[in-house]
Amino acid sequence: QVQLVESGGGLVQAGGSLRLSCAASGSILSINVMGWYRQAPGKQRELVAVMFSGGDTTIADSVKGRVTISRDNPKNTVYLQMNSLKPEDTAVYYCKAILRSITTAYPREYWGQGTQVTVSS
């Protein structure tokens, strides 16, 4: 069974940095795309940054220039380095992957449980 496990959230002061990690486990054959979304209280979940299998990335305008997404393919892990954090970055950050495993004929979407990021002013 495929699982996404996030780590690295926490409380940080404005201007600080955090590094989130998301590791996918299970009988994974290939990962089409993997990355991060976030949801602040009372708001819809939104894309933060994702990386496609070919290495292309999509990064939200709200965090562009402040975040870097990277991956470790052998470990099926994606990282989100966040710098110059702002209070408005406070949210639950979710890892998402679209991948194929030995139990699925087609790529499926998976979500992690989420990790809280709180930025104090």
Side-chain angles (χ1 to χ4, degrees):
Q1 184 175 355
V2 173
Q3 285 188 317
L4 302 183
V5 178
E6 302 117 329
S7 61
L11 173 64
V12 64
Q13 288 188 331
S17 299
L18 282 175
R19 187 190 194 215
L20 307 183
S21 300
C22 173
S25 63
S27 301
I28 296 168
L29 297 176
S30 61
I31 298 177
N32 292 27
V33 60
M34 194 167 177
W36 297 92
Y37 289 69
R38 69 185 182 185
Q39 188 166 19
K43 295 188 176 181
Q44 289 189 331
R45 193 171 296 188
E46 62 178 6
L47 179 146
V48 179
V50 295
M51 177 173 279
F52 297 88
S53 57
D56 290 341
T57 61
T58 297
I59 299 176
D61 288 342
S62 59
V63 299
K64 200 166 288 184
R66 299 190 295 119
V67 307
T68 302
I69 185 168
S70 60
R71 68 185 180 193
D72 185 332
N73 287 335
K75 295 182 178 180
N76 290 328
T77 298
V78 67
Y79 305 96
L80 186 71
Q81 177 67 44
M82 302 188 293
N83 302 319
S84 302
L85 283 162
K86 304 175 181 179
E88 51 263 43
D89 294 318
T90 295
V92 178
Y93 284 68
Y94 296 92
C95 180
K96 172 185 169 180
I98 298 175
L99 58 84
R100 284 185 60 227
S101 70
I102 62 172
T103 61
T104 59
Y106 300 99
R108 274 191 56 189
E109 180 180 284
Y110 296 88
W111 289 90
Q113 292 297 310
T115 184
Q116 177 70 45
V117 171
T118 303
V119 184
S120 63
S121 57

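Here, residue 1 is the first one in the sequence, and each next residue gets the next number.
For Arg66, the salt bridge (Lys or Arg N to Asp or Glu O under 4.0 Å) test picks out Asp89, with sequence neighbours left out. Take Gln44 and apply the side chain to side chain donor-acceptor pair (under 3.5 Å) test, not counting sequence neighbours, and it matches no residue. The salt bridge (Lys or Arg N to Asp or Glu O under 4.0 Å) check on Asp56 picks up nothing, with sequence neighbours excluded.
For the atom pair OG1 (Thr90) and CG (Leu85), the distance works out to 8.5 Å, reported to the nearest 0.5 Å.
Looking at Thr77, its side chain does come within 3.5 Å of a backbone N or O of Lys75 through a donor-acceptor pair. Glu6 places a side-chain N or O within 3.5 Å of a backbone atom of Gly114 that can act as its donor or acceptor partner.
A side-chain donor-acceptor contact under 3.5 Å links Gln116 and Thr118.
Counting all heavy atoms, side chain and backbone alike, Leu4 lies closest to Cys95 at CD1-O, 3.7 Å. Heavy-atom minimum distance, Gln81 versus Ser17: NE2-CB, 3.9 Å.
For the pair Arg71 and Tyr79, the NZ or CZ position fails the cation-pi test of under 6.0 Å to the six-membered ring centre and within 45 degrees of the ring normal. Tyr94 carries Arg45 over the face of its six-membered ring, with the cationic atom under 6.0 Å from the centre and within 45° of the normal.
Applying the 6.0 Å contact sphere to NZ of Lys64 captures more than 12 heavy atoms from other residues, nucleotides or ligands.
In the hydrophobic clustering of ILVMFWY residues, with side-chain heavy atoms under 4.5 Å counting as a link, Met82 and Val50 come out apart. Both Val78 and Val2 sit in one connected hydrophobic cluster of ILVMFWY residues. Membership requires side-chain heavy atoms under 4.5 Å apart, directly or through other members. With hydrophobic clusters built from ILVMFWY side chains whose heavy atoms lie under 4.5 angstrom apart, Tyr37 shares a cluster with Ile98.
A side chain to side chain contact (heavy atoms under 4.5 Å, CB included) with Leu99 is found for one member of Ile28, Asn32, Leu29, Asn76 and no other, namely Ile28.
Side-chain contact between Val117 and Leu20 is present, with at least one heavy-atom pair separated by less than 4.5 Å. In this structure, the side chains of Ile59 and Val67 come closer than 4.5 Å at one or more pairs of heavy atoms. Trp36 is listed as a side-chain neighbour of Cys22, based on a closest heavy-atom distance under 4.5 Å.
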Run the side chain to side chain contact (heavy atoms under 4.5 Å, CB included) check on Ser62 and Arg38 step by step: do they pass?
CA-CA 12 Å; Ser62 59; Arg38 69 185 182 185; 3.5 Å; yes
